Amino acid sequence: MNFELAREFIYRNARPVELAMWKFFMEKGSLEDVLTCLSFYQNGDGGFGHALEPDSFNPYSSPIQTWQATKFLNQIGFTDSSHPIIQGILHYLESGKGYHEETKQWNATVESHNDYPRAEWWGYSEVTEYSPNPTAALAGFIVRYAPNGSKLWNKGKELVKDAYDWLVNNFPVHEPHILECYIQLYGYLEQADATDWIDREDLKKRLIQLVSMNICRETERWGKDYVALPSRFIGDRNSIFYKGNEEIVEKNCEFLAKAQLEDGSFIVPWQWWTDYKEYEIAANWWKSVIILENARFVKGVS
């Protein structure tokens, strides 16, 4: 992968938040700059909107956009629970907005999604059954950062149990988005040293198995179909998912070197399947996100 070409694209096209992330990971940039840029996507209720997840232009808070913010915090390793961003997220989750009491989950979509340009899959629909996306990850965030023993913390603890039970009952899961939520959950449980609510070792074993199963090993489909490459789950050689996948990780690196376009970016392998012209704006934002993910991956496994 040509890092200089990638850098040029980022500096010319990226949103401030992705530019700050690039500087943080690739140029020893400021963590505070990342947090400052991220804070502009946070609303007064503590939730996130404003197309932080580029496929939904909804400016209002939603669980999925808020989950996206937690991913940013995870990636930069920021764990100060007293910081306004984290406190705001906890406030939003405690408010019950976007939470479906009957199924005990945060909905992936909210009604206001339908009022703004978006991908087809972010259109609002009534909740009919439980999905751990993004509830599993948000529950993990709560038990990691909410005050131990608080009402919110206890709610998070119960939701963690529910998410684990769902995974056991629906194993194996062939859905990368859901798998990402469980990987994030596992990380939170490790940080919180939570061992007595669920079988954390069993969760770890299941995740290792699921990552291996969900990685698309038909390399001819890479860059053409919307499939999961190793880089989606494996950040570096220290990842619990690296062992046993060394060969496919190497192929991933070789693929990225060939797939990189002349402008330093990579193809965005999906459409919105709607008539919204804003897709072109989102796609350009996604290119910077994809560059950043690929660059971090190549750097981490090299």
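Bear in mind the structure is a predicted one, so any value in this text is a computation, not a measurement. All residue numbers in this chain count up from 1 along the given sequence. Every heavy atom of this structure was used, including side-chain atoms; hydrogens, water molecules and symmetry mates were not.
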Within a radius of less than 6.0 Å around CD of E4, do more than 12 heavy atoms belonging to other residues, nucleotides or ligands occur?
yes
For W272, which residues count as a ring-ring contact (aromatic ring centres under 6.0 Å, His included) partner, sequence neighbours excluded?
F57, Y279
Can you find a pair of side-chain heavy atoms, one from F241 and one from S212, that are under 4.5 Å apart?
no
Would I198 and D165 satisfy side chain to side chain contact (heavy atoms under 4.5 Å, CB included), going step by step from the backbone distance to the final call?
CA-CA 9 Å; I198 65 168; D165 290 342; over 6 Å; no
Residue pair Y164 / L185, side-chain heavy-atom distance below 4.5 Å
no
Taking H100 for the side chain and N107 for the main chain, is one N or O donor matched with an acceptor at less than 3.5 Å?
no
Could you tell me whether the side chains of Y188 and Q184 share a donor-acceptor contact shorter than 3.5 Å?
yes
Heavy-atom side-chain contact between F3 and V298 under 4.5 Å
yes
Around N169, counting heavy atoms of other residues, nucleotides and ligands shown, do more than 12 lie under 6.0 Å from its CG?
yes
So do the side chains of T103 and E129 get within less than 4.5 Å of each other, counting heavy atoms only?
no
Below 4.0 angstrom, N of the basic side chain to O of the carboxylate: do K258 and E254 qualify?
no
Between S82 and D80, a side-chain donor and acceptor under 3.5 Å
yes
Salt bridge E218-R221, side-chain N to carboxylate O under 4.0 Å
yes
Does a donor on one side chain and an acceptor on the other come within less than 3.5 Å for W285 and N13?
no
Is it possible for you to say whether L229 and I267 belong to one hydrophobic cluster, with membership spreading through side-chain heavy-atom contacts below 4.5 Å?
no
Within 6.0 angstrom of E220 CD, more than 12 heavy atoms from elsewhere:
yes
Is there a side-chain contact between I240 and V211 (heavy atoms, below 4.5 Å)?
no
Scan for salt bridge (Lys or Arg N to Asp or Glu O under 4.0 Å) pairs involving residues 202-215, sequence neighbours excluded, and state none if there are none.
D202-R206
Taking N2 for its side chain and L5 for its backbone only, find out whether a donor-acceptor pair lies under 3.5 Å.
yes
Can you confirm whether I89 sits close enough to F48 that some side-chain heavy atom of one is under 4.5 Å from a side-chain heavy atom of the other?
yes
Is it true that a side-chain atom of E120 and a backbone atom of T274 form a donor plus acceptor pair closer than 3.5 Å?
no
I'd like to know whether E158 forms a salt bridge (Lys or Arg N to Asp or Glu O under 4.0 Å) with K155, so could you lay out the CA-CA distance, the side-chain angles of the two residues, the decisive distance to 0.1 Å, and finally the verdict.
CA-CA 5 Å; E158 292 305 312; K155 178 179 180 177; over 6 Å; no
Looking at T70 and W67, would you say the former's side chain and the latter's main chain have a donor-acceptor pair under 3.5 Å?
yes
Could you check, using the six-membered ring where one of them is a Trp, whether Y145 and F141 have ring centers closer than 6.0 angstrom?
yes
Measuring only between side-chain heavy atoms, which start at C-beta, is V168 closer than 4.5 Å to D199?
no
Just do the side-chain hydrogen bond (donor to acceptor under 3.5 Å, both in side chains) check on R15 and N284 with the steps written out, would you?
CA-CA 10 Å; R15 301 182 296 183; N284 202 51; over 6 Å; no
Residues 132-146 vs salt bridge (Lys or Arg N to Asp or Glu O under 4.0 Å), sequence neighbours excluded, gives none
Suppose the criterion is ring-ring contact (aromatic ring centres under 6.0 Å, His included): which pairs have a residue in residues 16-39, not counting sequence neighbours?
none
Does any N or O in the side chain of S150 come within less than 3.5 Å of the main-chain N or O of P147, such that one atom is a donor and the other an acceptor?
yes
Least distance between heavy atoms, I76 atom then M21 atom
CG2-SD, 3.5 Å
Under the 3.5 angstrom rule, does the side chain of H113 hit a backbone N or O of W122 as a donor-acceptor pair?
yes
For the side chain of N154 and the backbone of G149, is there at least one donor-acceptor N/O pair under 3.5 Å apart?
yes
Could you tell me if the side chain of Q260 sits less than 4.5 Å from the side chain of L256, heavy atoms only?
no
Whether the W222 and N252 side chains hold a donor-acceptor pair (N or O, under 3.5 Å, no angle test) is what I'd like checked.
no
Indicate yes or no for a side-chain donor-acceptor contact from T36 to the backbone of E32 under 3.5 Å, with no hydrogens or angles considered.
yes
Pairs meeting criterion salt bridge (Lys or Arg N to Asp or Glu O under 4.0 Å) with involvement of residues 38-49, two or more places apart:
D45-K97
Could you tell me whether a side-chain N or O of N43 sits under 3.5 Å from a main-chain N or O of P59, the two making a donor and an acceptor?
yes
Is the distance between the ring centroids of H50 and F40 less than 6.0 Å?
no
For M1 and N294: C-alpha separation, side-chain torsions, deciding distance, then whether side chain to side chain contact (heavy atoms under 4.5 Å, CB included) applies.
CA-CA 8 Å; M1 179 175 171; N294 290 341; 4.0 Å; yes
Enumerate the residue pairs fulfilling salt bridge (Lys or Arg N to Asp or Glu O under 4.0 Å) with a member in residues 173-189, sequence neighbours excluded, ordered by first and then second residue.
E180-R232
Before accepting this row, confirm whether a basic side-chain N of the pair R7/E27 lies closer than 4.0 Å to the acidic partner's carboxylate O.
yes
F78-I183 co-clustered via ILVMFWY side chain contacts under 4.5 Å
yes
For the pair S56 (side chain) and A51 (backbone), establish whether a donor and an acceptor sit closer than 3.5 Å, ignoring hydrogens and angles.
no
Which heavy atom in G156 sits nearest to a heavy atom in V143, and how many Å separate them?
C-CG1, 3.5 Å
Does atom NZ (K71) have a neighbourhood of more than 12 heavy atoms from anything else shown, all under 6.0 Å?
yes
